[in-house]
Amino acid sequence: MSFLTRTKGATADDLVTGKGPKEGILSRGAALLIMCVFTLYFLVPIWWLFIASTKDRGQLLTTPSLWFADFNLFNNIKDLLDYNDGIYVRWLGNSLLYAGVGAVLATILASMCGYALAKYSFRGRELLFNVVLGGVLVPATALALPLFLLFSQVNLTNTIWAVLLPSIVSPFGVYLSRIYAASSVPDELIEAARLDGAGEVRTFFTVSIRLMVPALVTVFLFQFVTIWNNFFLPLIMLRSQELFPVTYGLYTWNTQLNQIPELRTYVLVGSLLSIIPLIIAFLLLQRFWRGGLGAGSVK
Amino acid sequence: MHNTKKAVATGVVLLSAVALAGCTSGDSGSTDAAACTPADGPVTLEFTSWIPGIEDVVATWNEANPDIQVEVQTGPNGNSGTYQNFFSQLEAGNAPDLGQIEYDALASFRVQDGLTDLSACDDVVAAESEFIPWTWSQVTLGSDGIYAIPQDSGPMALFYRSDLFEQNGIAVPTTWDEYKTAAEEIRALGGYITNFSTADINQFAGLVWQAGGEWFGNDGDEWTVDLASGESETVAAYWQDLIDNDLVSTYPAWTEEWNNAYNSSEVWTWESAVWGANSISSGAPDTAGLWSVASSPQWEAGQNAAGNWGGSSTAVFKGSEHPYEAAKFALWLNTSEEALTALNESANIYPATTAGLDLPVLKEGVDFYGGQAIYDVFAAAAAEVNPDFLWGPTMTQTYADVSDGFQKAVTGQGTLEDALKSAQSSTIDTLEAQSIPVSE
C-alpha cells in the first residue's frame, strides 16, 4: 500500500514538469516546493532501505543510517539468494505468478463485465452494477477468513489457487471498465461490426478491447500492485513456504529475528529487491496508465 | 487474441468450479479416536512450527522412520499470525496434526477444546521424569491431562557489563535492594542500569514468577485470577520506584533505539531469559566480550529463585487421526540428543529436558561473554523456577491491557500497580464473556 502511494507521489511530481496553461511564477514555485518536499518524504524510506541493504549486520546499528559504510550490497544479495536453498527466489517467482497471472485474468474478467454493463441494456443492469460497486467497499481483509473456511471445505487451502482465485476478482476494475467503455467505445462502431457479421464476442475482442486499452492497463496495474502487496490472504491461506509470496515470506523472517539475527539483513535486502518488479511494471506501463486516467476527464 | 480467449475460458471454468465445489462440500471431518493406538499402515503427519531450520531436524526423523513421515509447514511467530491460523484451521476442521505453541498460549487452545489429551499415551506419561518439573506443569495446565510435550524453556538470569561494573568499582548486585543501589550509582555516572520494557509483559511476568507470585490458578473447573496483589504488587512497586526516580530507561524493546542503548553502553544490565544471549550479541555487536551472566538478583539475600520468560511446546491438535505417532514424533523432537542439538544449533532452542541441559554445545564457553560458560548459570536457574505458575486462557487480552497501562505509567500517568489492577478486572470480564468459570 505504502509503495502505491509513494509511486503516485513520484508521478504527480512528473506531471508538474509537463506543459500546461501558464501560471504565476510564485504559485508555480510554491507548487514545486510542496512537490519536492513530498517527493523527498516518499523517497527517504527507499533511500534508507537502499543504504541499509549495503551494510553488513554490525554496521547497520553503528553507522549513520542515511549514508554508506562499507559497500556490501552484492555480498548481501548473494547471501540472501543462497539462504535456505534460495527460497527467496522462489518467493519472488511466486509473487510474479500470483500478481502477473492474477492481474491478467482480473483485467480480462473486469473488462468483459464492465463492457457488458456499459453496452448492453438488460433487466437488473443497474442493480448488478451497484452490487459490484458495493464490492469495492468491502475490504479484502474482511473476506479472508470466510474465504479460508470456504476453501477449506474443498481442500484448496495451502495451494496456489487459494491465493490466485480470489485475486482475479476486481470490482474496481469493473467500475473503471464500465465508465471507460461507455465513453470510449462508440455504439456506432459496435453497430457497424454487427452489420459486418461479427458476433458479440468477436466484436469485443477485436474492436472494443483495443479502444479500452488505457483502462485495461490501469486495471492491470492496480490489480498487480494490490496482489503483490496482498499480505493477509496468503497469511491465512498458505502453510508451505514453497508457496509464499515475497511479502509474506519476508514477514515470516522478520518475526524470527530474535532467533536468527542474520535474517535482519536478508529482510532488508529482500525488501529492496522485491520493489524492483513493481518499479519496472510502473515504468513500462506508465505511459498507457496516465493516458487512461486523463481520458474521459475532458469532454 | 487466441490466448486471451483461452484465458477467459479458463477463468470462467475455474470460477464455476469454485462455485460448484462450494455447494458440494461434504463432512470430511473425522471423529478422533480417544485411545492412543498405533496405526495399521504408514502415516503422514503435518507439523506447523516457525523454528528456523526445523525442516532439517525433521528430515533426520523422516530418514529413520519411513512409516511415520512428517511434513513441515511454517509461518510467522505464534502471536504474529500462526495462532490465529491454528484457530481458523480448528474451526475449519483441517488443523495440522502437530503444532508449536508457547506455554502462555496453551490454555487458550485448551479452553477452545483444540488439543488432544495425550495422557492415554503410555510413552508420554513415562516421559514426565525426563523434563524439568516446571515445564511439565506448563503442559498439564493444572489438570490430569497432558496437552503438549514441552519443547524449550527460558530460565532468567542477569546479563551485565562486567567491564563497566569493574571499572567503576560497583559490585554486581545479588539482591534487588543492591540492584537499586547500583542503579543510583550508575545513574550518577550518566548510564542506566537497565531498560524497563512496557510492551513485553512477559519479562514483568517472569519477575513476578521469580518473586513467587502466581497470576492464574485452575482447580480443574474454575479459574482464579490474581494479577494485582501479593508478589505482583511488590514487584510493580519496586519498578515503579525505579521509573519515578529516573533510574531505568524506557525504550520500546526490540527496536533500533533499544539495541543502540545497549550497543552504546548507555544501559548496563538486562534481566532476561537464556535466549536473550542472542538478542544482545546481535543487537549490541560493539560490546562483544564485555558481557557476563550472573544469577538473578533475589528478594531476600541467600534465596535461590529464578523466573522464566518464554518457552514453547509441541501440541497434538484435536482432530489428529494419529495421536500415537504424533506423540512419538513430539517426544523424539524434544528429548532425543540429536534433535535437541540440532534445534540448539539452528535456532538456539534451550531444551526443556534435564538431560538436554547437559548437551555438549551448552557446556562451551561463549566468546561474546568473554568465554564464560554462560549456560551453566541458566541450567542452575532452570532448576529454581517455581513449578506452580500458570498462564490464563485469555493472555492476548491480558498482555494488551497490562501493556497499555504500563505505557501510561512510564509517561507519568498512573502506575504499574494501577495497570495491573485494571488488567485484573478486565481479564475477569473477558473470561466471563467467554463463559469460562471464574472464582472470585
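A, B, ... follow the sequence lines: proteins, then strands. Residue 1 opens every chain. Computed from a predicted structure; not experimentally measured.
- Considering every non-hydrogen atom in both Pro76(B) and Thr252(A), the closest pair reads N-CG2, 3.8 Å.
- With respect to chain A, the highest number of heavy-atom pairs below 4.5 Å among Glu71(B), Gln73(B), Glu55(B) belongs to Gln73(B).
- Leu145(A) touches chain B through its side chain: at least one heavy atom from C-beta onward sits under 4.5 Å away, while N, CA, C and O do not.
- Counting non-hydrogen atoms of neighbouring residues, nucleotides and ligands closer than 6.0 angstrom, the CD1 atom of Ile160(A) reaches no more than 12 such neighbours.
- Chosen from Ala347(B), Gly276(B), Ser80(B), the residue pairing most often with chain A at heavy-atom distances under 4.5 Å is Ser80(B).
- The most heavy-atom pairs under 4.5 Å with chain A, out of Asn348(B), Asn94(B), Asn79(B), come from Asn94(B).
- Put simply, of Leu263(A), Ile236(A), Asn254(A), the one with the most heavy-atom pairs under 4.5 Å next to chain B is Ile236(A).
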| What's the verdict on side-chain contact (heavy atoms from CB on, under 4.5 Å) for Arg239(A) and Gln89(B), showing C-alpha distance, side-chain angles and the deciding distance? | CA-CA 11 Å; Arg239(A) 311 279 169 254; Gln89(B) 289 169 313; 2.4 Å; yes
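- In terms of non-hydrogen atom pairs under 4.5 Å with chain A, the most contact-rich of Thr82(B), Asn260(B), Asn85(B) is Asn85(B).
- Note on Pro52(B), Ala92(B), Ser279(B): by heavy-atom pairs under 4.5 Å with chain A, the leading option is Pro52(B).
- Ranked by heavy-atom pairs under 4.5 Å with chain A, the list Asp56(B), Thr48(B), Val72(B), Thr74(B) is led by Thr74(B).
- Counting heavy-atom neighbours within 6.0 Å of Glu242(A) CD, excluding the residue itself, gives a total above 12.
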